[in-house]
Amino acid sequence: MIKKFLKKILGFLLKTSFLPSRFYYFGFNGRVAIEPTNACNLRCRLCPTWQYQKREMGFIKFENFKKIIDENKDIFKRINMIFAGEPLLNKDIFKMVKYAEEKGIEVLISTNTTLFNDDRIKELFDSDLSYLIVCLDGASKETHEQYRRGSNFEQVKENIRKICQTKQEKKIKKPYIILQFLVMKQNEHEIERMIQLAKELGVDKLDFKTLSLGSFVELDKKIQLAKENLPDNINYSRFIFRDGYLAAKSKPILCSWLRQTVILWNGDVSMCCYDFNGDLVVGNIFKDGGLKNILKSKKYKEYRKMAIQRKFKLCQNCNFSSETTKSIIFNNNK
């Protein structure tokens, strides 16, 4: 209770305007998202990548990724190789994973799982990847493909099966395989079937992820999306939605991204996990003296203060919640 009270007091003080910007640096927690690409081969129904993104499409080069790792291997603990696009579209994705893992940095990839074949599965295991999220948003072809437009349910299911089978045959612990099921009105009736399917496929963990309605859309659009897509079972929602009223069930006092960061494919550094258009870019790694310099820059401090005070539109519309997932663990190796 005392800890919770102190956090509220801290949150209140930080949202006031009189504190100077230097008070808004809380250190870097070692977690970073590095974007392999902002291109994708699917057109998922609610995804901002193909509907709202205005940035130039591109791919991070291995040489640039290597430079980022070499300069920051002492402060990086975990890299999420995902942001606005499908990581496996980058031909060097597993080469990059291997390089980071060899430096002692855990790497996570989240994929739509459509681009695997025997060669790619071999590259996956050769890379020593720590965590792999495979996405399957239905326990049937009709349900999965209504959301993951351009995906093939049977192909994705077989790819997951092959990856899990290969891991079992090799008798290894990595990667820890997480099956992600995005719960919405259109698929909540298949939750029990998905639990059984996850067991059959052999994944280590099943995550039921709650639906985000987009920090990039206006409230009237968000309410319409809520009507069309939020599950009826409130246990699988991060929102309360009644009679046209929409609110987050729980929000953190301070955003966790104040202590981590996003590196876009071109080296731009953003402070927000919903910043698909690079609106909150605070510098570029290759032009502004590297990440460590940017993290302590005047602009970053000013942006962090503005984010805490919710002066950015992205912060005002933010869908981040402490109720993002519910999980079932089948293998507790991690």
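Positions are given from 1 along the sequence.
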key: Polar side chain donor-acceptor pair, Asp92 to Asn90, under 3.5 angstrom   = no
ask   = Just wondering, do Ile68 and Phe286 contact through their side chains at under 4.5 Å, heavy atoms?
value = yes
ask   = Does one side chain, of Glu190 or Ser140, offer a donor that lies under 3.5 Å from an acceptor on the other?
value = yes
request  = Say whether Ser327 and Asp207, considering side chains only, have a donor N or O and an acceptor N or O under 3.5 Å apart.
outcome  = yes
From CA spacing to verdict: side-chain contact (heavy atoms from CB on, under 4.5 Å), Lys162, Ile121 = CA-CA 8 Å; Lys162 279 185 179 180; Ile121 291 175; 3.8 Å; yes
query = Relative to Phe76, does Arg78 satisfy both conditions: NZ or CZ under 6.0 angstrom from the six-membered ring centre, and within 45 degrees of the ring's axis?
reply = no
ask   = Would you call Phe65 and Pro36 a side-chain contact if the rule is heavy atoms closer than 4.5 Å?
value = no
Asn187 (side chain) donor-acceptor with Met184 (main chain) under 3.5 angstrom = yes
request  = Flag the pair Lys98 and Asp128 as a salt bridge only when some basic side-chain nitrogen lies within less than 4.0 angstrom of an acidic carboxylate oxygen.
outcome  = no
Heavy-atom side-chain proximity of Met271 to Arg304 below 4.5 angstrom = yes
ask   = Is the count of non-hydrogen atoms from other residues, nucleotides or ligands lying under 6.0 Å from Lys141 atom NZ greater than 12?
value = yes
key: Which atom of Gly58 lies closest to which atom of Thr37, heavy atoms considered   = O-OG1, 2.8 Å
message = For Thr111, is there any backbone N or O sitting under 3.5 Å from a side-chain donor or acceptor partner on Thr113?
response = yes
query = Is there a donor-acceptor contact under 3.5 Å linking the side chains of Gln186 and Thr143?
reply = no
ask   = How long is the span from the CD1 atom in Ile328 to the CZ atom in Phe181, to the nearest 0.5 Å?
value = 11.0 Å
Donor-acceptor contact below 3.5 Å, side chain Arg238 vs main chain Thr210 = yes
query = For Ser127 and Glu101, what are the C-alpha separation, side-chain angles and deciding distance, and is it a side-chain hydrogen bond (donor to acceptor under 3.5 Å, both in side chains)?
reply = CA-CA 8 Å; Ser127 73; Glu101 290 279 0; over 6 Å; no
message = Quick check: closest heavy atoms across Arg55 and Trp265, and the distance to 0.1 Å?
response = NH1-CD1, 3.7 Å
query = Salt bridge between Lys287 and Asp268, side-chain N to carboxylate O under 4.0 Å?
reply = no
message = Could you check whether Lys95 makes a cation-pi contact with Phe62, meaning its NZ or CZ is under 6.0 Å from the centre of the six-membered ring and within 45° of the ring axis?
response = yes
message = For a quick check under 3.5 Å, do Ser110 and Asn80 share a side-chain donor-acceptor pair by atom type?
response = no
query = Hey, does the side chain of His144 reach the backbone of Leu136 with a donor-acceptor pair shorter than 3.5 angstrom?
reply = no
query = How long is the span from the CZ atom in Phe312 to the CG atom in Asp279, to the nearest 0.5 Å?
reply = 10.0 Å
remark   = Closest non-hydrogen atoms of Phe28 and Val32, given as atom of the first, atom of the second and distance, are CZ-CB, 4.3 Å
ask   = Heavy-atom count around Lys122 NZ within 6.0 Å, excluding the residue itself: above 12?
value = no
query = Can you tell me how far the CD atom of Glu228 sits from the CG atom of Leu46, to the nearest 0.5 Å?
reply = 8.5 Å
task = Establish, from distance only, whether the side-chain atoms of Gln196 and Glu192 form a donor-acceptor pair under 3.5 Å.
result = no
task = Please check if any side-chain donor atom of Arg45 sits under 3.5 Å from a side-chain acceptor atom of Asn229, or the reverse.
result = yes
query = Given Ile109 and Ile133, is the side-chain contact (heavy atoms from CB on, under 4.5 Å) satisfied, shown in steps?
reply = CA-CA 6 Å; Ile109 286 179; Ile133 297 177; over 6 Å; no
ask   = CG of Leu280 to CG of Asp275: how many Å apart, nearest 0.5 Å?
value = 4.5 Å
ask   = Looking at Asn38 and Ala84, what are the two nearest heavy atoms and their distance?
value = CB-CB, 4.0 Å
task = Using a strict cut-off of less than 4.0 Å between a Lys/Arg side-chain nitrogen and an Asp/Glu carboxylate oxygen, indicate whether Asp204 and Lys167 qualify as a salt bridge.
result = yes
ask   = Would one find more than 12 heavy atoms of other residues, nucleotides or ligands at under 6.0 Å from atom CD of Glu169?
value = yes
key: Side-chain donor-acceptor pair present, Gln53, Asn277, cut-off under 3.5 Å   = no
ask   = Quick one: does Pro175's side chain get under 4.5 Å of Ser130's, heavy atoms only?
value = no
query = Is the closest basic N to carboxylate O distance between Lys157 and Glu200 below 4.0 Å?
reply = no
Under 3.5 Å donor-acceptor, Glu71 side chain and Leu291 backbone = no
query = Does Glu158 pair with Arg161 as a salt bridge, N-O distance under 4.0 Å?
reply = yes
ask   = Between the side chains of Gln146 and Glu142, does any donor sit under 3.5 Å from an acceptor?
value = no
inquiry  = Side chains of Asn117 and Asn159: any donor to acceptor distance under 3.5 Å?
reply    = no
query = Is there a path from Leu88 to Met57 through hydrophobic residues (I, L, V, M, F, W, Y) whose side chains come within less than 4.5 Å of each other?
reply = no
key: Phe153-Val203 co-clustered via ILVMFWY side chain contacts under 4.5 Å   = yes
inquiry  = Tell me if a side-chain donor or acceptor on Asn284 pairs with a main-chain N or O of Asn266 at a distance below 3.5 Å.
reply    = yes
message = Main chain of Leu206, side chain of Gln180: is a donor-acceptor contact present, judged purely on distance under 3.5 Å?
response = no
inquiry  = Working to the nearest 0.5 angstrom, can you tell me the gap between Leu129 CG and Glu123 CD?
reply    = 12.5 Å
Reported CD1-to-CG distance for the pair Ile285 and Asn64, which is rounded to 0.5 angstrom = 9.5 Å
Nearest atoms (heavy-atom pairs only) where Lys103 meets Asp70 = CE-OD1, 4.1 Å
remark   = Closest heavy-atom pair, Ala100 versus Ile79, reported as atoms and distance to 0.1 Å, is CB-CD1, 4.1 Å
ask   = Just wondering, more than 12 heavy atoms not from Lys91 lying within 6.0 Å of its NZ?
value = no
Partners meeting side chain to side chain donor-acceptor pair (under 3.5 Å) with Asp232 (sequence neighbours left out) = Lys185
message = Can you tell whether the side chains of Asp118 and Arg120 come within less than 4.0 Å, N to carboxylate O?
response = no
request  = Show the numbers, then the answer: is there a side-chain contact (heavy atoms from CB on, under 4.5 Å) between Phe116 and Gln155?
outcome  = CA-CA 9 Å; Phe116 279 103; Gln155 178 195 32; over 6 Å; no
query = Do we see a donor-acceptor contact under 3.5 Å between the side chains of Glu145 and Asn152?
reply = no
ask   = Does any non-hydrogen side-chain atom of Tyr131 lie less than 4.5 Å from one of Val107?
value = no
ask   = Do Leu42 and Val134 share a hydrophobic cluster, counting only Ile, Leu, Val, Met, Phe, Trp and Tyr and linking them when any side-chain heavy atoms are less than 4.5 Å apart?
value = no
task = Take Tyr300 and Thr261 through the test side-chain contact (heavy atoms from CB on, under 4.5 Å) and record every step on the way to the result.
result = CA-CA 11 Å; Tyr300 209 159; Thr261 198; 3.1 Å; yes
ask   = Donor-acceptor pair, Ser297 side chain versus Ile294 backbone, under 3.5 Å?
value = yes
query = Would Asn41 and Glu86 count as having a side-chain donor-acceptor pair, cut-off 3.5 Å?
reply = no
key: Salt-bridge criterion met for Glu302 and Lys305 (N-O under 4.0 Å)   = no
